[in-house]
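Input: a single structure, listed below in structure tokens.
Note that the structure is a prediction, hence the values are computed from the model and not measured. Atoms within each ligand, like the ligands themselves, are counted from 1 in listed order.
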Amino acid sequence: MKKAAVFLLTSIALQNIGAQSFIQAYKNRADMVTQANINTNLQEFAGFGIKKTGTTANNNALDWLKNKYLSYGYTASDFSEDAFTYGGNPSKNLIITKTGTLYPNQYVIICGHYDTIVGPGVSDNGSGTSIILEAARILKDIPTEYSIKFIHFSGEEQGLVGSNHYVNNVAYQGGTKVLDIKLVLNIDQVGGLIGNNNNTITCERDTGGMSSNNAASNTMTQELMTCTTLYSPLQTNLSYAYSSDYMPFEAKGYTITGFYETILSNNEHTVSDTYANIDPVYVFNVGKAAVGALQHFAVASTTNNLLSTNELQKSGETISIYPNPAKDLVTVEFQQKVKQFKIEVNDMAGNIILNLENQEKINTSGLKNGIYTFTIKTDKGNTTKKIIINK
Ligand SMILES: [Zn+2]
């Protein structure tokens with residue numbers, strides 16, 4: 001929701017690489033955003049029509065979102081809903097939580113609204129919605145030190161009704177801060193207009209409202225810009241945050257940042273905000289930037305999770321170690337039966353926690369929550385996989 005806003009404060013970003021260095025594993029995952037998935041998400045979103053808060057179409061879009069998360073392997077226990085009413089009609093925000101390994105009670109929020117007004121809202125905000133879905137799909141099994149909340153707000157177009165409700169009833173309860181939020185990354189209207197040279201994304205920092213959180217927002221927005229140049233082909237434009245779901249968070253002192261299209265389509269809140277009029281490649285590229293940045297802010301594992309699979313394939317041996325995350329039992333399964341093998345389980349400090357022989361079922365009930373490496377040693381060599389214990 002950015003209609004008719006004054007858009008004056010733009011400046012060329014200074015390159016501020018600082019301590020942020022390129023991480024190959026983050027790039028590999030950013031590159032797992034697919035154009036096909038983005039296109040499908042955008043078209044399915046368009047198919048629900050006008051998703052005005054509290055309407056059947058609005059509820060249908062909510063159900064569609066839940067089914068997407070289930071298809072990625074999230075379960076109902078990862079979901080929560082924040083219900084509110086607008087004009088006497090009920091609507092819901094959808095929150096999916098992925099638990100962090102080191103700071104489970106500190107959250108990085110990536111959010112965008114799924115309600116629309118007047119038109120199907122493919123840019124405003126099918127674009128942000130599609131990107132959040134891709135980020136959740138790709139990071140499902142990637143350990144992150146901070147917890148991540150993927151939030152789809154409703155009621156945005158009626159004046160940030162859903163995000164206001166969430167901030168004042170979930171993040172804060174009775175005026176008391178409940179949620180420790182490291183950062184709110186909002187994505188709203190990044191569809192662009194087909195035919196434009198959409199090679200730049202606007203990164204929005206907090207410049208007003210409460211002033212005590214401006215400096216932190218400036219730092220995080222600089223980091224967002226750096227991530228964008230590291231993990232996507234896009235250039236960046238620094239601007240200011242306004243009129244979207246990060247603002248209720250800002251008003252409570254939380255640190256916010258955001259993505260917004262640079263060359264405006266001016267199709268928002270009209271019947272012309274359609275799939276045919278947006279630039280799907282732009283959404284794809286913003287998706288890469290978002291997945292790169294989300295890994296940076298939530299401190300994702302820097303281990304290339306594809307590596308161990310490749311090593312196994314080279315040795316001609318296939319070992320599955322599952323589930324991941326695991327609770328009280330981990331299973332080791334060889335494609336071809338192996339009689340003699342050893343299993344060493346280490347914590348992240350390198351201490352040996354378990355040392356076993358020839359056991360395909362490993363009792364992990366004595367392990368604390370965290371990340372461990374499981375190394376399987378056979379006469380053909382060693383295979384190591386990171387397993388999260390999360391009870
Ligand atoms: Zn919007």
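Note: Tyr242 and Tyr240 meet the aromatic proximity criterion, with ring centroids under 6.0 Å apart.
Taking the N/O/S atoms of Asp188 in turn, the shortest distance to the Zn ion (ligand 1) belongs to OD1. Shortest distance from the Zn ion (ligand 1) to Asp124 is reached at OD1 (N/O/S atoms only).
Contact annotation: Glu268 places no N, O or S atom under 2.8 Å from the Zn ion (ligand 1). The distance from the Zn ion (ligand 1) to the nearest N/O/S atom of Glu157 is not under 2.8 Å.
Sequence neighbours left out, the pairs with a member in residues 272-286 that pass side chain to side chain donor-acceptor pair (under 3.5 Å) are Asn198-Asp279, Thr274-Asn277.
Side chains of Thr53 and Glu157 form no contact here, defined as non-hydrogen atoms less than 4.5 Å apart.
With sequence neighbours excluded, the residues forming a side-chain contact (heavy atoms from CB on, under 4.5 Å) with Ser127 are Ser123, Asn125, Val190, Val283, listed by chain and number.
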